[in-house]
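Start at 1 and go down the list; that is how both ligands and their atoms are numbered.
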Amino acid sequence: MTADKTAKDIRNMRIRGALDIAIAAARAMRKELDGKSTAAVISNLKKSGKTLKAARPTAVSLPNAVDYVLYLAEKNKKLDAGEFTRTTSKDIQKFIDDQERALERIAEIGANLIDSNDTILTHCNSDTVVALFERARKEGKKFKVICTETRPRFQGHLTARALAKAKIPTTLVVDSAARLMMKEFKVDKVIVGGDTVLANGDLINKIGTSQIAVAARDLDIDFIAAVESIKFSPRSIEGEMAKIEYRDTKEVIKPGKIRGIKVLNPAFDITPAEMIDMLITEEGIIPPQGAYHLLREKFGWELSSF
Ligand code: RUB
């Protein structure tokens with residue numbers, strides 16, 4: 001798939017979820033490695049990278065993946081065209097494999113946190129969280145999941161379908177039922193995915209996540225996020241904060257259905273670090289306050305200049 005087509009699919013959410021969009025961007029750039037000269041390919045990669053980065057603004061995994069591919073290309077720029085293509089292609093494939101391994105590792109670590117008889121609430125659709133639940137189920141743990149439908153695009157249905165397939169007892173509720181369910185069903189843990197983690201440990205995830213975190217704090221329930229390190233924002237160290245995506249209001253209500261009002265459709269929100277009990281990363285469990293150190297460790301290629 002070309003970078004333009006991939007960017008289009010990310011924009012219209014045919015490809016979605018922070019990890020998937022990062023992998024799709026890297027794959028699309030890998031397909032653009034052929035060219036007359038190394039310089040021509042790098043220039044084309046830069047152009048494609050710009051288009052891909054602009055496809056969705058919030059998940060930092062997307063610009064991180066693009067920038068890493070451009071870093072690899074820069075590293076190999078002295079090679080002649082054929083060698084450049086072979087080496088960079090291998091490098092990008094290794095990056096993709098690392099992302100897939102990171103998800104598996106998080107699933108493995110996260111499954112250890114699930115106890116038999118747990119009731120866990122999740123929000124939206126995170127492949128990472130679904131993999132973690134599937135892993136715990138395979139290990140023989142018997143637990144229940146409550147998932148929110150996740151208005152306006154109902155990504156919670158994807159979660160519910162995947163969990164039903166894995167034979168995990170699952171209850172689907174409307175988003176606004178989250179707190180009541182947490183109380184009535186004595187939820188043990190909330191586990192969500194994430195789109196971006198800032199250097200101060202704040203988590204950006206699907207709209208509604210922060211309200212769930214507030215309810216979890218109120219009810220003394222652990223609030224956990226499962227996030228690969230590709231979702232940490234190196235640029236937040238320099239003060240670049242999160243961009244919250246506002247999507248088409250058609251996703252919320254038919255245009256003109258209620259006259260004389262304004263409609264807004266923010267797609268993500270920010271859960272402050274102090275509301276988060278732990279982050280599960282492929283490097284292990286860290287407190288959100290450990291985000292800065294993880295960034296320093298994993299993003300040396302990006303942060304070497306300061
Ligand atoms: C998806 C969402 C997910 C994260 C993590 O939002 O908020 O929780 O992206 O997902 P959208 P994953 O549907 O708007 O992309 O673990 O799959 O990376």
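- Atom NZ of Lys141 is surrounded by more than 12 heavy atoms from other residues, nucleotides or ligands within 6.0 Å.
- Between the side chains of Thr159 and Asn125, at least one donor N or O sits under 3.5 Å from an acceptor N or O.
- Glu74 meets the salt bridge (charged side-chain N to carboxylate O under 4.0 Å, His left out) test with Lys77; sequence neighbours excluded.
- Side chain to side chain, Asp195 and Thr58 fail the donor-acceptor criterion of an N or O pair below 3.5 Å.
- Within 4.0 Å of ligand 1, heavy atoms belong to protein residues Met13, Arg16, Gly17, Ala18, Leu19, Arg56, Cys124, Asn125, Ser126, Asp127, Thr128, Gln155, Gly194, Asp195, Asn205, Lys206, Lys231, Phe268.
- In this structure, Leu198 and Leu203 have side chains that are not in contact, with every pair of non-hydrogen atoms separated by 4.5 Å or more.
- Side chain to side chain, Thr281 and Glu228 fail the donor-acceptor criterion of an N or O pair below 3.5 Å.
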